[in-house]
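Below: the structure, in structure tokens.
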Amino acid sequence: MLGSLGMFLYGMSLMSGGLQKMAGDKLRSFMAAMTSTAFKRVLTGIVVTALVQSSTATTLMLVSFVNAGLLSLANAIGVIMGANIGTTVTAWIFALSFGGGSFSLGAIAVPLMFLGYLLIASKKKNNKNFGEFVMGFAFLFLGLSTLRETSTMLLDNDPVRVFLSHLTGFGIGSILIFMVTGAIMTLMLQSSAATMAITMVLVANGYIPFEMAAAMVLGENIGTTITSNIAASVANVSAKRTARAHMLFNVFGVCWVFCLFHPFLKLVGSIVELFGFPNPATTDFGAADETTRHALVASLPYSVATLHSLFNIINTMILIWFVPVIEKIVTWMVPSPKGEEEVFRLKYISRGPLNTAELSLNEAKQEVVHFGEICYKGFAYIRQAVNEPDPEKFEQINDKLVKYEAITDSIEYEIAQYLGEVSKGELSSSSTERIKSIYKIIGEMESLGDSGEAIGRMIRRIHVHGKHLDANMLRKLNRLMDYVEVAYKTMLDNLRIGYKNLRDITNASDAEYNINGYRNSLREELISHIDDNKYEMGVFYMDIVNELERIGDFIINVSEALLVENNEA
């Protein structure tokens, strides 16, 4: 039975991962675009979760998009509501598998494995990804079918039945027991779908009544939020708030259903009756005839799926009007750290990559933009250092240049570590090239920090020799720094345009041309007018000019790496 459960979980992981790699940017673009209205947000959550067969995967994508600035927290909350409805599609697929009849999804699982193998053996990347999806689908339903058979052999004995019957005899206490059981199982298995499958096995074989199966479903909705909150506990503020919103949605739903437990089950039973099945909430199994009993047993998986769907649909209809309130609550629950802007650390990516490597690149991209903004802030201190004549005040500014050099080293290392973890997952060829270009970009940005510290050392050497930059030198250095600042802003604009959108870097090339041209004119001018008395100061002056020109080189290299990334993609 445990092996069957492992096969089921592996199949779901393989199926979800294959589809996400296959859909790739189309899925990301769809989620980013379809959030203009509340209805579209909910619909997006339903569609994406129904496709990837995992509300957890959808939640991870949402964390990715909120971190990357593609979605606001309010929009993400709407998609979460849709994701909870979308995950009920999985329950309906399971119900079809358990519902009997001539068609069995488990029966076609093994033949599908051969088809999956042929696709995986293909040289085309899309075929390989689709093959993973098919193979995962086969494993999932073979595991589900085997789980049902083995659990029947394991549980079909009097001691187990007596034990379960005792647990169902405590009224409200039994409901709480099975709710807690559902939550714990979901937390242990890291999958509400797996717990749903086990719930259907138990109810379809008559080991537990419909009421206790309903309680387990409520517990599963709590358990899946515990999983996401544990995952977000080591992540950043956006991830934690998204996880808290998921928790609030499900906890609120479980609370009102628990308060109206029996009326809600009667509503579910009435809907099931419309499809021609006996009402599981009112039909007495012991007093029913054999035909009614058989029909009731066959209907129970559909009843569980109906309850799961109705729970999430009604919950969404209630809470969709209170998204701003939920946003305020989760912002209060997870406040932004004080002085966050003063603490330079990774802002958009958490300690580890997301479960799907492809999606982790969204955080990496936005973190690179953040890195560029930090480098630009550091350049402001270079300008202050050049223009500060007082050695004591200069030392205070120089300390900040040294600090920024250490910051750029640290951020480069952390992003590189993150990319290394991402690279361990399965990536498309375009994403592999994208990671290579990001490595190059962060290396160039780290060099910008080195240049700031180098200019600080040059100015300190001027002060040590008792000299200073005269007004004419300062005027020309400030003009050169104006050109460099334009290059910085151009680099940030190109970084923000980023992946698959940047097609021309003429703006960056023009900025680099202006820097080089002015550096050359300053060098020629100095050579033409220098004399023995000004030679030493001229050397110091040109060292600063040349380092500023090197900054321009690092900046243009960033835009060139972006253009290579897009051409490779």
Side-chain angles (χ1 to χ4, degrees), residues 1-23 27 48-61 86-87 89-98 104-122 125 127-154 182 184-201 220 223-224 227-228 230-231 352-360 421-422 424-428:
M1 188 174 74
L2 292 175
S4 302
L5 186 61
M7 192 188 307
F8 169 88
L9 291 170
Y10 175 68
M12 176 156 285
S13 175
L14 196 62
M15 187 170 104
S16 177
L19 183 65
Q20 289 177 61
K21 284 188 287 184
M22 187 169 55
L27 194 61
V48 173
T49 307
L51 286 173
V52 301
Q53 290 292 298
S54 172
S55 59
T56 302
T58 305
T59 304
L60 287 171
M61 289 187 217
T87 196
V89 173
T90 309
W92 281 102
I93 294 173
F94 293 169
L96 288 171
S97 179
F98 283 110
S104 171
L105 289 169
I108 64 170
V110 176
L112 276 178
M113 288 184 183
F114 182 69
L115 174 61
Y117 170 75
L118 292 178
L119 290 167
I120 291 172
S122 169
K125 190 69 176 177
N127 287 347
K128 288 179 180 291
N129 293 334
F130 184 61
E132 281 189 23
F133 171 79
V134 172
M135 189 69 81
F137 185 86
F139 272 119
L140 188 149
F141 284 104
L142 183 61
L144 192 62
S145 176
T146 313
L147 179 67
R148 183 177 184 182
E149 294 172 6
T150 54
S151 62
T152 300
M153 289 186 284
L154 182 67
I184 292 174
M185 288 176 65
T186 303
L187 184 60
M188 290 174 62
L189 298 174
Q190 297 288 295
S191 170
S192 60
T195 313
M196 178 64 70
I198 293 172
T199 303
M200 287 193 175
V201 166
E220 290 155 20
T224 193
T227 302
S228 60
I230 290 174
L354 300 181
N355 285 353
T356 304
E358 296 279 349
L359 300 178
S360 300
E421 290 297 316
V422 172
K424 294 177 183 178
E426 295 187 33
L427 295 166
S428 63

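Counting from 1, the numbers follow the sequence of the chain as shown.
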Rounded to the nearest 0.5 Å, what separation is found between the CZ atom of F133 and the CG atom of L14? 10.5 Å
Under 3.5 Å, is there a donor-acceptor pair between the side chain of K128 and the main chain of A121? no
F114: which residues meet the side-chain contact (heavy atoms from CB on, under 4.5 Å) condition with it, sequence neighbours left out? L118
For the student: nearest non-hydrogen atoms of Y117 and M135, plus distance: N-CE, 3.6 Å
How close do L112 and A138 get, counting heavy atoms only, and between which atoms? CB-CB, 3.9 Å
Side-chain donor/acceptor pairs under 3.5 Å, residues 194-201, sequence neighbours excluded:
from	atom 1	to	atom 2	distance (Å)
T195	OG1	T186	N	3.3
T195	OG1	T186	OG1	3.0
T195	OG1	S191	O	3.3
T199	OG1	T195	O	2.8
T199	OG1	E220	OE2	2.6

Could you tell me whether the side chain of M113 reaches within less than 4.5 Å of the side chain of L142, counting heavy atoms only? yes
